[in-house]
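The structure appears below as structure tokens.
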Amino acid sequence: MTQDRLLIIDGHSLAFRAYFALDASHFSTKSGLSTNAIWGFANMLTTVVNDEHPTHIAVAFDVKGGTFRNEMLPQYKGTRDAAPEDLLPQFPYIQQLLKALGITYIEKPGYEGDDIIGTLATMGSQAGMDTLVLSGDRDAFQLIDEHVTVLYPGHHFRDLKHMDEQAVLDKYKVTPAQYPDLAALRGETADNIPGVPGVGDGFAAKWIAQFGSLEGILEHSDEITGKKGEALREHIDQVRLNRKVNALVRDIDLGISLDELYCKGSHLGELDSILHTLEFGTRTRAKLLRAFPADPNDTADNSSNSSNSSDVSEETLDPSATAQQSELDPRHVVSVNVLDQQQVSELVRAEVQQVSCDSWVEEHFASLRQTQHNDESYALPERLDQASEIDSHDQSHLSHEQHFDPTKVWVLWATGSLTHAQGALETLTILAPDRHALVLNAGQAQSHATAVARLLHDFGHTCATYDAKSQMHILRALNSEALVQAYQPAYDIDLAQYVVDSQFHAKDLTELIEHTFEGIELEETQQSQEVQGAFNFDDIDNPQLLTNTFDPTPCARQAATIASVAQVLIPKAIETHQLELMQGIELPVSRVLERMEHVGAAVDEQRLDSMLERFSSEVELAQQQAYDAAGKTMNLQSPKQLQSVLFDDMGLVGVRKTKSGGYSTDAQTLQELATRYVHDERASSFLVALLRHREMNKLKQIVQSLIDEIDAHDHRIHTTFEQTVAATGRLSSTAPNLQNIPNRNMTGREIRSAFVPGDGFVSLMSCDYSQVELRIMAHASGDESLIEAFRSGTDFHRYVASLVYGVSPEDISADQRSHVKAMSYGLAYGLSTYGLAQQLQVSPAEADVLKNRYFATFGKVHDYLERLVAEAKTLGYTQTMFGRRRYFPGLHSTNRRVRDAAERAALNAPIQGTAADIMKIAMIRADQALQEMGARSRVILQIHDELVVELAAGEEAQVEAAVRDAMEHAVSLDVPLDVSTGVGADWQLAAH
DNA sequence: AGTTCGTCGTT
DNA sequence: GACGTACGACGAACTG
């Protein structure tokens with residue numbers, strides 16, 4: 001029958017994808033079973049079935065235990081993380097669900113799902129059936145022929161690519177039958193299969209075209225010249241093996257005929273029973289039944305279903321109750337008023353109307369005005385849910401957690417450009433709570449700045465936006481102090497995403513939207529119909545502004561999408577107790593950062609220029625010395641060329657290898673080589689010159705990057721502080737990075753002397769926390785000895801060393817002190833004995849002794865650190881003192897390197913993160929204090945545990961006291977927070 | 001033109 | 001067999 005369509009699904013890849021696309025914490029039953037993969041699987045399945053209308057379906061699964069491939073290639077799929085522990089239990093339910101839907105699933109011991117797929121696809125093709133293979137594995141491409149198409153998921157699952165013969169040919173320039181040859185040459189990173197280094201799809205295809213097949217290539221491998229030919233000859237065995245492994249088996253005896261894969265329909269009884277177990281609602285049931293209607297011949301056990309289904313319908317019979325519930329229940333987030341861009345574009349119609357801003361606001365914000373003084377959205381304060389390890393006493397600076405009412409959210413959205421922290425506004429959109437939008441051009445926005453400020457003042461507590469810091473830069477262009485002051489939105493979806501999952505970072509709004517709606521199906525709701533139009537109003541009082549030169553629709557659409565994203569992310573943030581963090585810390589600090597970026601740091605341009613000149617000539621000198629020693633020239637900045645000089649020409653023996661197999665030429669290696677070959681005149685002078693070149697070149701580059709970023713208008717440097725990049729909660733700094741200006745040795749530190757007070761200011765003050773991370777550990781672990789060490793107020797490292805070595809502080813040697821100091825700092829990084837030994841230049845045995853002594857002295861610190869990792873393993877995430885979470889999927893990896901790294905990160909995250917939280921609170925407090933005292937002095941830089949303040953004349957003492965107080969009392973711990981300050985004519989001199 | 005690697009600066 | 005977190009910047013080398 002030509003109508004027949006066979007759909008073959010790779011069950012494992014679909015379940016994995018579903019699992020990672022959906023946050024497990026939002027999908028679980030009361031009894032604690034995770035259902036995210038099941039739900040996502042069902043969702044994806046129905047989507048594909050609705051799109052493709054197959055008549056026959058089979059789902060293939062892998063079976064536990066290895067296959068013949070593992071015997072051939074031990075590392076096969078070695079880099080793949082083991083299935084997370086809450087994924088595996090979901091498979092039986094998926095299979096049960098498939099059975100209830102009348103879908104056949106197949107597993108076969110000794111074979112992978114891919115082989116079952118290969119067999120079924122071959123069967124389908126031979127029967128002349130229209131065959132679709134849904135798989136995320138590119139090996140499936142070899143199955144494509146005139147009857148077989150592979151549905152291959154792109155970045156977004158919903159856009160499945162239909163890979164047919166032409167598509168493979170277009171993309172890879174080979175036929176589907178040749179595809180495995182190409183894959184064998186290229187390798188497959190996902191499966192830990194190395195290909196020929198340096199050979200990608202392009203070269204592989206070229207060779208295949210030239211020689212017809214992999215066999216042809218291997219026979220004529222001698223004829224291939226160049227590096228790639230050489231690499232091919234070296235990896236010939238690997239390639240042969242790859243080709244064996246990636247060939248799918250296509251003739252397993254499955255003991256099943258295609259007819260048996262026909263979809264007869266769902267068994268209602270079984271379906272209701274499994275949906276009940278999974279606590280899936282009627283929406284999911286309805287959707288499944290739309291895709292897989294009940295089997296008319298299945299009349300068995302009708303009485304038992306009716307009891308089940310009435311059970312379900314009772315709770316959701318009332319439609320208004322459903323809507324209410326679905327807003328709160330993350331599992332039903334699908335039914336929230338979610339608009340993707342496509343939907344919005346259909347619904348938003350631009351209608352140019354002449355309205356006055358005031359009357360428009362009056363009309364469309366009426367609902368907010370009514371509830372303004374009796375606002376239910378201000379709920380009773382909720383305690384911050386904290387990690388049991390860390391307890392903070394003082395959270396008064398944090399706002400109380402609010403409930404989220406999507407009907408009250410409105411959006412203020414400015415577009416424009418942003419360079420050197422200088423904004424220019426192009427459009428300004430107000431999306432009202434009733435989903436009507438007003439779009440202003442620059443001139444209109446300018447003349448209504450005060451009105452907008454008033455709007456913010458009245459309703460800022462339900463205002464949402466994206467990237468408030470950049471918005472504020474842009475809004476500054478309107479030159480309205482009132483607007484800048486009033487701009488305090490309640491929700492920033494960029495920050496919301498960051499506090500919900502700091503690991504994922506969307507580079508722009510588009511990416512954030514994609515990520516937010518990934519795996520979420522959008523349903524048409526009545527609410528979405530309410531988006532009625534984007535209106536552009538003309539200012540009657542300013543006739544010159546009457547011309548509308550732009551289309552307001554995209555602006556309104558973007559604003560509407562921001563509201564939609566907020567409707568998904570804010571409830572998520574509330575559930576995970578992150579809203580307080582966003583509103584109490586991130587949003588307030590974003591205002592401080594905005595001002596810091598706007599103000600910038602003044603630099604002495606001449607000084608930078610002369611440094612650049614000096615470093616440049618040093619670079620050239622060192623380069624010449626290196627050339628002389630080597631007896632030839634080369635690019636000293638090329639690790640590859642250095643390798644050949646050092647390890648081939650000069651015959652030195654390499655020390656360590658790099659990831660990709662070459663010998664490392666990093667500074668540590670060069671140092672070691674210099675000691676080892678101290679008697680080899682030529683080698684050692686080359687090494688010394690090279691090291692010198694490296695150092696000077698680095699400094700030269702840093703100075704150059706600073707010069708490049710000087711703003712021509714005010715001769716200051718305006719860095720950008722990235723607030724949503726570092727997974728621990730720290731800030732980062734770019735264009736230029738002012739958080740990595742050299743500080744370790746005199747030569748580099750000089751660069752700091754180029755940072756000076758600007759016109760109208762007299763000096764710089766540097767204020768930094770001493771040993772914050774250690775103090776956090778002392779507090780959180782409750783270790784009495786360490787707490788006492790901090791309270792004693794003496795030389796901390798000396799005091800600790802005296803405890804560790806059991807001698808009085810004055811008898812501690814310089815070595816002992818520095819060793820203990822390194823140990824102390826290494827703690828928070830999960831430092832190994834080996835690493836400690838490396839750093840201290842002592843034997844691993846000695847390092848081990850030190851470590852044991854240290855932990856014997858500070859036992860509770862040891863317990864605390866272990867507890868952090870253990871808790872991260874159970875919870876899946878760590879928390880800082882202020883509840884900031886970071887998730888660690890790698891903690892359960894079977895790959896030890898990955899797992900160890902995750903453990904170290906999990907140990908470090910709550911400590912580094914708490915330090916970051918404290919500094920952010922200190923910045924908010926310092927900024928506020930300076931404002932309140934009317935000081936002209938201002939904070940201009942933050943370097944993780946240091947603030948740099950630009951001091952105005954006569955303010956030094958007062959400002960010093962204020963900033964010190966802000967930092968020392970940002971939070972109250974069981975140990976004091978020590979801040980040291982210094983003042984000087986430049987940043988270097990301000991050091992203390 | 002865009003990506004990945006190696007290296008190195010900070011905390 | 002590796003072996004300290006978190007970042008950003010640069011040039012080289014390789015991909016298209």
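Predicted model, so just to flag it, every value in this text is computed and none were measured. So that the names make sense, note that chain A is the first sequence line, chain B the second, and so on, each numbered from 1.
- Applying the salt bridge (charged side-chain N to carboxylate O under 4.0 Å, His left out) test to pairs two or more places apart or on separate chains, those with a residue in residues 817-827 of chain A are A:Asp795-A:Arg817.
- For the pair A:Asn635 and C:dA12, the criterion of a side-chain N or O lying under 4.0 Å from OP1 or OP2 is met.
- Applying the ring pair (Phe, Tyr, Trp, His ring centres under 6.0 Å) definition to pairs two or more places apart or across chains, none involves residues 895-916 of chain A.
- For A:Arg730, the salt bridge (Lys or Arg N to Asp or Glu O under 4.0 Å) test picks out A:Glu773, with sequence neighbours left out.
- A donor-acceptor distance shorter than 3.5 angstrom exists from the side chain of A:Thr675 to the backbone of A:Gln671, with no hydrogens or angles considered.
- Between A:Asn737 atom CG and B:dC8 atom P the separation is 17 Å, expressed in whole Å.
- No engagement by A:Ala915 is indicated, since no non-hydrogen atom pair under 4.0 Å with the nucleic acid exists.
- Rounded to whole Å, the P atom of C:dG1 lies 26 Å from the corresponding atom of B:dC8.
- A:Ser705 and A:Asp708 form no side-chain donor-acceptor contact under 3.5 Å, judged by distance and modelled atom types alone.
- Put simply, A:Thr665 has a side-chain N or O that comes within less than 4.0 Å of OP1 or OP2 on B:dT7.
- Residues passing the salt bridge (Lys or Arg N to Asp or Glu O under 4.0 Å) test with A:Asp711: none are found, sequence neighbours excluded.
- OP1 or OP2 of C:dA12 sits under 4.0 Å from a side-chain N or O of A:Gln637.
- Side chains of A:Asp467 and A:Ser470: a donor-acceptor N/O pair is present below 3.5 angstrom, by distance only.
- Contact annotation: A:Lys698 does not reach the phosphate of C:dG11 (side-chain N/O to OP1 or OP2, under 4.0 Å).
- The shortest distance between the side-chain N/O atoms of A:Thr734 and the OP1/OP2 oxygens of C:dC7 is not below 4.0 Å.
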Checklist entry - For DNA chain C, what string of dots and brackets results from 5' to 3' when Watson-Crick and G-U pairs need both distances under 3.5 Å, crossing pairs get [ ], and pairs with another strand get |? => result .....||||||||||.

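- Between A:Ser638 and C:dG11 there is no side-chain polar atom (N or O) within less than 4.0 angstrom of OP1 or OP2.
- Relative to the side chain of A:Asp666, the nucleotides B:dG6, C:dC10, B:dC8 differ in distance, and B:dC8 lies closest.
- Separating the CG atom of A:Asp708 from the P atom of C:dG8 is a distance of 19 Å, rounded to the nearest angstrom.
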Item to check | Nucleotide-resolved protein contact map, nucleotides 1-6 of chain C, B/S/- at heavy-atom distance under 4.0 Å | outcome: B-BBBB

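- The side chain of A:Thr658 places an N or O atom within less than 4.0 Å of a non-bridging phosphate oxygen (OP1 or OP2) of B:dG6.
- Computed from coordinates, the A:Gln704 CD to C:dG11 P distance equals 9 Å when rounded to whole Å.
- Contacts of A:Ala916 with the nucleic acid, taken as non-hydrogen atoms under 4.0 Å apart, are absent.
- Judged purely by atom type and a 3.5 angstrom limit, A:Arg692 has no side-chain atom pairing as donor or acceptor with the backbone of A:Ala622.
- When rounded to the nearest whole Å, the span between CG of A:Leu690 and C1' of C:dG11 equals 15 Å.
- Look at A:Arg694 and you won't find any side-chain N or O under 4.0 angstrom from OP1 or OP2 of B:dT7.
- The distance between atom CG of A:Leu731 and atom P of B:dT10, rounded to the nearest whole Å, is 19 Å.
- Straight-line distance between the P atoms of C:dA2 and B:dT7: roughly 15 Å, to the nearest whole Å.
- Distance A:Ile741 CD1 to B:dT10 P: 10 Å, rounded to the nearest Å.
- OP1 or OP2 of B:dT7 sits under 4.0 Å from a side-chain N or O of A:Ser664.
- Below the 3.5 angstrom threshold, one finds a donor paired with an acceptor across the side chain of A:Asn740 and the base of B:dG9.
- Between the side chains of A:Glu946 and A:Ser766, at least one donor N or O sits under 3.5 Å from an acceptor N or O.
- At whole-Å resolution of the value, NZ in A:Lys657 and P in B:dT7 are 14 Å apart.
- Side-chain rings of A:His797 and A:Tyr825 approach one another, their centers coming within less than 6.0 Å.
- Separation of the C1' atoms belonging to C:dT5 and B:dT3 is 26 Å when rounded to the nearest angstrom.
- A:Thr665 pairs in a side chain to side chain contact (heavy atoms under 4.5 Å, CB included) with only one of the listed residues (A:Gln643, A:Gln641, A:Arg656), which is A:Gln643.
- Rounded to whole Å, the distance from CG on A:Leu699 to P on B:dC8 is 12 Å.
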